[in-house]
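Numbering of ligands and ligand atoms starts at 1, following listing order. A quick note: this is a predicted structure, and the numbers were derived from the prediction, not measured.
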Amino acid sequence: MEPAHLAERLHGFGTTIFAEMSALADRTGAINLGQGFPDTDPPAEVAEAAIRAIRDGHNQYPPGTGVAPLREAIAEHSLRWHGLRVDPGTDVLVTTGATEAIAAAMLSLVEPGDEVVMFEPYYDSYAASVAMAGGRRRVVPLVEPDWRFDPDALRAAITERTKVLLINSPHNPTGRVLDAAEREAIAEVALRHDLIVVTDEVYEHLAFDAPHVSIATLDGMASRTLRISSGGKTFRCTGWKVGWICGPADLVAAVRTSKQFLTYASGGPLQYGIAAGLGLPDAYFDGLRTDLCAQRDALAAALRAAGLAPLPAQGGYFLTTDVRRLGEDDGRAFCLGLPERFGVVAIPSVVFYDDASRDRGRPFVRWAFCKRPELIERAAQLLSPGPVDPGRGYGAAHGHGDAIAG
Ligand code: PMP
Ligand code: GLN
């Protein structure tokens, strides 16, 4: 049932699956492979810079657009990694996580009745942000097993009312990294129909098997693209909620208009920490990618051994499995039983699908691998088939809530 008084445009959004499943993990002591957050701390340079900023008295409202050192660091990072030149004075806006950047972009760009085209499955806040703006979403399926989209389906989704393409690569939940042909198809549609592209690149440093190339770098695209990222994934500090959005000054100014009334400004001292992080040498970013790739491979092996061979995922934080391989058909029921059955928690991917496409999303389950190798190893033991050994246990009632469960 909807909460009393909830405005109709938010009906159906309930409680996020991440809150629900993290609560399930806490309650049962199961290993949380649901919500995508790392279980290690940010690099010392990043933490120290934020602590220093607090000690140095950066404790009052920062500028609404973000502190100058962070805006400059974002501009340098954009040039260094993407070859995209942005002016830290006009083309960069610091936000409270990528989540606020997405919401502010939708609130600023979308008129009631305008359509926003996105790929499905989609990160859950996209649908809510479009709904809060009074817009309508239209989805283009990413088709399993390799999660590609059909360029004709993208073309067919465009109408007179389409205003924005909201894309995400590396992708949550599937791990898909768009390839060159897909990027070109998106750019062609955006240029032909004069659309704004909002690209969510929070996993920009986590493309393992294929390079991540921002859509903003394609011919003609920089002037119509808003690029979103966040410090949370890159520096293992999802709780800091420091994100940003970059693009041409006129589009950024539009986004700033709503951002200033959502939060006005975002966590000042933490911005200094992220500024320090963005300036770390290449070795940091390469190491992050190598580590996460090894964690992906370890979790993939564990899932394979459990009879749940994951679908291909070239980047991001997550693997997807299909419960039909175990003779089941409902990913949500599977996830609700997971703590008891295996002592782990995962996310039913159906929540990333429209109601109309629920049947397609129903069998899929998303597993986070952004966890310490020892936690993944422990999850692998729990998932492994074979006789129950007394030291291993099945379910919280049998002793899962040990020190490793994070
Ligand atoms: N976009 C995607 C694709 C994400 O996966 C996430 C968080 N996992 C976000 C946005 C939100 O990022 P933030 O925590 O910086 O708000
Ligand atoms: N983005 C993270 C995930 O996909 C969770 C973020 C959240 O809890 N809203 O798991």
Q. Is His171 in contact with ligand 1, taking contact as a heavy-atom separation below 4.0 Å?
A.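 His171 does not count as a contact of ligand 1 under the 4.0 Å cut-off.
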- Message: Using the side chain to side chain contact (heavy atoms under 4.5 Å, CB included) definition, which of the options Arg9, Met118, Glu115 pairs with Val130?
- Response: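 Only match with Val130 under side chain to side chain contact (heavy atoms under 4.5 Å, CB included): Met118.
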Do [X] and [Y] pair up side chain to side chain, a donor and an acceptor below 3.5 Å, judged on atom types alone?
{"X": "Tyr126", "Y": "Asp200", "value": "yes"}
{"X": "Asp359", "Y": "Tyr353", "value": "no"}
{"X": "Gln271", "Y": "His58", "value": "no"}

Review point. Does Asn172 have a heavy atom less than 4.0 Å from any atom of ligand 2?
Key: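 Yes, that is the case, since the closest heavy atom of the residue is under 4.0 Å from the ligand.
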Quick one: look up the protein heavy atom nearest [atom] and list residue, atom name and how far away it is.
{"atom": "atom 7 (C) of ligand 1", "result": "Lys233 NZ, 2.7 Å"}
{"atom": "atom 14 (O) of ligand 1", "result": "Lys241 NZ, 3.2 Å"}
{"atom": "atom 11 (C) of ligand 1", "result": "Thr99 OG1, 3.3 Å"}
{"atom": "atom 9 (C) of ligand 1", "result": "Tyr123 CE2, 3.5 Å"}
{"atom": "atom 12 (O) of ligand 1", "result": "Ala98 CB, 3.5 Å"}

Which of the atoms of ligand 1 are close to Asn168, meaning less than 4.0 Å from one of its heavy atoms?
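That gives atoms 3 (C) of ligand 1.
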Which atoms of ligand 1 have any heavy atom of Tyr203 under 4.0 Å away?
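Per the distance check, 3 (C), 4 (C), 5 (O), 8 (N).
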* **Sub-6.0 Å ring centroid separation between Trp147 and Phe364** => yes
- Item | Check: Trp81 ring centroid to His205 ring centroid under 6.0 Å |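 Close enough - the centres of the two rings lie under 6.0 Å apart.
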Min over Tyr203, Tyr123, Phe37 of heavy-atom distance to atom 9 (N) of ligand 2 lands on Tyr123
Taking only Lys NZ, Arg NE, NH1 and NH2, and the carboxylate oxygens of Asp or Glu, determine whether Arg85 and Asp91 approach each other closer than 4.0 Å. no
Checking heavy atoms under 4.0 Å, the part of Met21 that sits near ligand 2 is neither
On a heavy-atom basis, the closest approach of Val177 and Gly315 is CG2-N, 3.9 Å
Minimal heavy-atom distance between Leu336 and Glu20, with the atoms involved, is CD2-OE2, 4.4 Å
Backbone or side-chain N or O of [X] under 3.5 Å from ligand 1 N or O:
{"X": "Val202", "answer": "no"}
{"X": "Asn172", "answer": "yes"}
{"X": "Tyr126", "answer": "no"}
{"X": "Asp200", "answer": "yes"}

When rounded to the nearest 0.5 Å, the distance separating OG1 of Thr257 from CG of Leu107 is 11.5 Å
Rounding to 0.5 Å, atoms CZ (Arg289) and OG1 (Thr234) come to a distance of 12.0 Å
Check whether any N or O atom of Phe18, backbone or side chain, sits under 3.5 Å from an N or O atom of ligand 2, and answer yes or no.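 Between Phe18 and ligand 2 (N or O atoms, distance only) the closest approach is not under 3.5 Å.
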For ligand 2, which atoms have a heavy atom of [X] less than 4.0 angstrom away?
{"X": "Lys233", "answer": "1 (N)"}
{"X": "Gln35", "answer": "5 (C), 7 (C), 8 (O), 10 (O)"}
{"X": "Phe318", "answer": "3 (C), 4 (O), 10 (O)"}

So for Ser230 against ligand 1, with non-hydrogen atoms under 4.0 Å, the contacting part is side chain
Using a 4.0 Å heavy-atom cut-off, say whether Glu100 meets ligand 1 through its side chain, its backbone, both or neither.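 No part of Glu100 is near ligand 1 at this cut-off.
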Charged tip of Lys371 within 45° of Phe37 ring normal and under 6.0 Å: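 Checked: cation-pi criterion met.
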task = Mind telling me whether His77 and Phe285 have parallel, tilted or perpendicular rings, with 30° and 60° as the class edges?
result =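 Judged by the thresholds at 30° and 60°, the geometry between Phe285 and His77 is tilted.
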